[in-house]
Undergrad: 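Quick one: the structure is below, and I'll ask about it shortly.
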2 protein chains.
Amino acid sequence: MDSKPNIQDVARLADVSIATVSRVINNQGGVRKQTEERILKAIEELGYIRNAAARTMKSRETKTIGVIVPDIKNPFFPLVMAGIEQKAREKDYFTILSSTNESPIVEEKIIKNFIERGVDGVIITTANENGGHLKLLKEQNIPVVAVDRIIKSFDVDTVLVDNVKGAYQAVQHLILQGHRNIAIICGPQNTTPGFERYIGYKKALEDYNIPLDESLVVQGDFGEQSGYLATKRLRDLRQRPTAIFSSNNLMTIGCMKALEELNWKLGEEVSFIGFDDVDIATFLNPKLTVVARPMNTVGEIAFMFLYERIQFKGALPKRQYSLPPELIVRQSCRLWEK
Amino acid sequence: MDSKPNIQDVARLADVSIATVSRVINNQGGVRKQTEERILKAIEELGYIRNAAARTMKSRETKTIGVIVPDIKNPFFPLVMAGIEQKAREKDYFTILSSTNESPIVEEKIIKNFIERGVDGVIITTANENGGHLKLLKEQNIPVVAVDRIIKSFDVDTVLVDNVKGAYQAVQHLILQGHRNIAIICGPQNTTPGFERYIGYKKALEDYNIPLDESLVVQGDFGEQSGYLATKRLRDLRQRPTAIFSSNNLMTIGCMKALEELNWKLGEEVSFIGFDDVDIATFLNPKLTVVARPMNTVGEIAFMFLYERIQFKGALPKRQYSLPPELIVRQSCRLWEK
DNA sequence: CCCCTAATTGAAAACGTTTAGATTTTTGTC
DNA sequence: GACAAAAATCTAAACGTTTTCAATTAGGGG
């Protein structure tokens, strides 16, 4: 009653050996029905729960995967996490989540702890794309899947959202509505998302034979303030854009603030598309058209990649999956006729 | 090289017994400096990482706490989680997070799994306040802290935000600005938050000798649509309110939509305070005054409660902590002079 | 009723730690 | 340099499983 019952206690009560109990617990078959029932009853009676630590020690499996994110407070990650968890649950895996606060040092500590705990695999959005601090994982030969950010120094499966395509779709949508003067508020060009979204923008213009107007390319830093300033700058141009594409959520918010302040009518005087859906999108009037990322799917695929790696220990080739973002058309873009 | 080095390998290389290695690993002292250095070198050389499973088996401690939330996609919980994680990290604890999707059945499975894994304690926002499905935790004598939702059928430490006080502060703020006709959009009265926030509203009116006007009390269901409808209803009153208090975030959003539609000028014709901060709050014009809950602190306190329970196995009395919500004054309320 | 095969069951050895309790080494004192 | 006390180290026994291989039992054909 006081201390937890173990497999011994069950065996004793059911009058069998622990081996047989183990077989029943793990559904391995080869136990007479009558015996099995007796054991099941004993388990029930004692309230026996198997001990994962002991089991892990033998089987070298924990059925646990570690998930590392840079910032749990960023809504992107809980949504990805939900996808991971859903698939993991299906396969009887459990997840351990830790957040690094964008610190590679914390990240390394977490990894060490994960290894101590014997995670079967790791899904990570690293705080440092160079990945030198991830060498422990490589050494231990633990399957890893990178999400949203690549890891340069070592080959792992990667799940990304296709930034180029997303930006392309957005700009294409504007072009097809007749816009020619389309501005972009860029993210930092030394980050993958910032750079790639700009590439998508350029590509769309090229494909439709619209010359790139440098004055419509405004640099931002993914922060709200920069979106605000960029928008003001655009307003001041001789040749104002008729449409704006913002490279991320926070800059979208800054942009909206500027628009209102300048009384630059959204959806009428200027069309708008933002990368990443934002909470305010459906609240604004008109509602914002955005390129949304399928967070849940990202998580699902990340888990499935990891799962496959865990199953086939063999060296699969490195894979990369680029998910297409989705253009959600609301009301912030209108046809533009000269 | 192929399989993980264990304490044996370290001992062999350092030419000591495993007991001594163990002592060094755990900083227990009583090892000559010279020996310690030799062992440390061996550990380094082999890349030895200790095995949590084996260690758990002996010490019956995992330094792990389980966190159960009903919906990881609801931003409230990641924020609480961040607080938990922060404190946990300080104390060298790790967290396992699982989301139940509001299903008591999933919740029970998670609990069983947590127990198998030997978590030292559990922090939970249960999917079912009755708590009958939590009996395993009680049986196993595992410390539990309830967050945001109470557990009726069994006595555990509880961390709540003081709903009564929060609502009281909001309404008081309105009263002190001269408002007398203050409406409330209620949440469901059979839920703790819904009921308590209404109580706070009533109490404030009483304390300032303002008679309760039933027509200003509108029932909602915490959903956006109900906030929208409630607002329309209020507008139709002969005696319109000069201020509105909304009981939660989603209803606040509905309310805002209605206000705009009705062209009922926020902050001028009608003052407003909402329970719970919302992303759009600072985006609207005027910015919304709200009662905000200190999510991070909730998490921190929850962990500290749990930690104390884990330390003193003894039976502490059941504790309950009500955190004061914070009134964040922005611009949606104005002085009202008759 | 006996024997052979197949189906069950059991005994015992890991897995990698921690930790008493025993043993050895060091240190200090005379 | 001998002796006791203190410090350092070691031996060995758990912890609760899984799993191999051996032993036992059941089932069936003759």
Side-chain angles (χ1 to χ4, degrees), chain A residues 2-40 42-43 46-64 92 112-113 115-120 140, chain B residues 2-40 42-43 46-64 92 112-113 115-120 140:
Chain A
D2 39 336
S3 77
K4 291 188 191 179
N6 59 21
I7 201 173
Q8 278 284 8
D9 301 321
V10 175
R12 202 155 27 227
L13 182 59
D15 196 26
V16 292
S17 76
I18 59 172
T20 308
V21 177
S22 175
R23 251 173 241 125
V24 169
I25 292 170
N26 297 294
N27 283 309
Q28 293 177 314
V31 175
R32 211 178 325 178
K33 187 161 295 175
Q34 179 188 352
T35 317
E36 176 165 358
E37 275 165 14
R38 204 146 28 97
I39 292 174
L40 256 20
I43 289 176
L46 293 171
Y48 166 76
I49 294 190
R50 58 209 206 285
N51 178 317
R55 141 183 302 224
T56 293
M57 247 182 76
K58 285 298 297 179
S59 62
R60 266 101 191 319
E61 256 206 353
T62 54
K63 288 279 190 180
T64 302
D92 264 323
K112 178 144 182 226
N113 191 287
I115 293 174
E116 285 183 6
R117 293 183 135 71
V119 295
D120 295 341
Q140 305 284 328
Chain B
D2 39 335
S3 78
K4 291 189 190 178
N6 60 20
I7 201 171
Q8 278 283 8
D9 301 321
V10 175
R12 200 154 29 226
L13 183 58
D15 196 25
V16 293
S17 76
I18 57 171
T20 308
V21 177
S22 176
R23 247 173 250 122
V24 169
I25 292 170
N26 297 293
N27 283 309
Q28 292 176 315
V31 177
R32 211 177 325 178
K33 188 162 294 174
Q34 180 187 355
T35 316
E36 175 164 358
E37 276 165 14
R38 206 148 25 98
I39 292 173
L40 255 22
I43 288 176
L46 293 171
Y48 166 75
I49 294 189
R50 59 212 207 285
N51 178 316
R55 142 183 301 226
T56 293
M57 247 180 77
K58 285 297 298 180
S59 62
R60 266 100 189 317
E61 256 204 355
T62 54
K63 288 279 190 180
T64 302
D92 264 324
K112 178 143 183 228
N113 191 287
I115 293 174
E116 285 182 6
R117 291 181 138 69
V119 295
D120 295 342
Q140 305 282 330

Undergrad: Stepwise, does the side-chain contact (heavy atoms from CB on, under 4.5 Å) test hold for A/Asn6 with A/Asn51?
TA: CA-CA 8 Å; A/Asn6 59 21; A/Asn51 178 317; over 6 Å; no
Undergrad: A/Ile39 CD1 to C/dT8 P: how many Å, rounded?
TA: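 Those two atoms, CD1 and P, are 13 Å apart.
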Undergrad: Between A/Val21 and A/Val24, is the side-chain contact (heavy atoms from CB on, under 4.5 Å) condition met? List the steps.
TA: CA-CA 5 Å; A/Val21 177; A/Val24 169; 5.6 Å; no
Undergrad: What do the steps show when you test B/Ile25 against B/Arg55 for side-chain contact (heavy atoms from CB on, under 4.5 Å), and what is the final call?
TA: CA-CA 11 Å; B/Ile25 292 170; B/Arg55 142 183 301 226; 3.9 Å; yes
Undergrad: Tell me what B/Gln28 touches on the nucleic acid: a base, only sugar-phosphate, or nothing, going by heavy atoms under 4.0 Å.
TA: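 Sugar-phosphate, no base atom in range.
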Undergrad: Produce a footprint string for nucleotides 7-17 of chain D: one letter per nucleotide, 5' end first; B if the base is under 4.0 Å from any protein heavy atom, S if only the sugar-phosphate is, - if neither.
TA: -SBBB--BBBB
Undergrad: Report yes if some heavy atom in the side chain of A/Ile7 is under 4.5 Å from a heavy atom in the side chain of A/Arg50; otherwise report no.
TA: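 A/Ile7 does not reach A/Arg50 side chain to side chain.
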Undergrad: Are any non-hydrogen side-chain atoms of A/Gln140 and B/Ile49 less than 4.5 angstrom apart?
TA: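 Touching, per the 4.5 Å side-chain cut-off.
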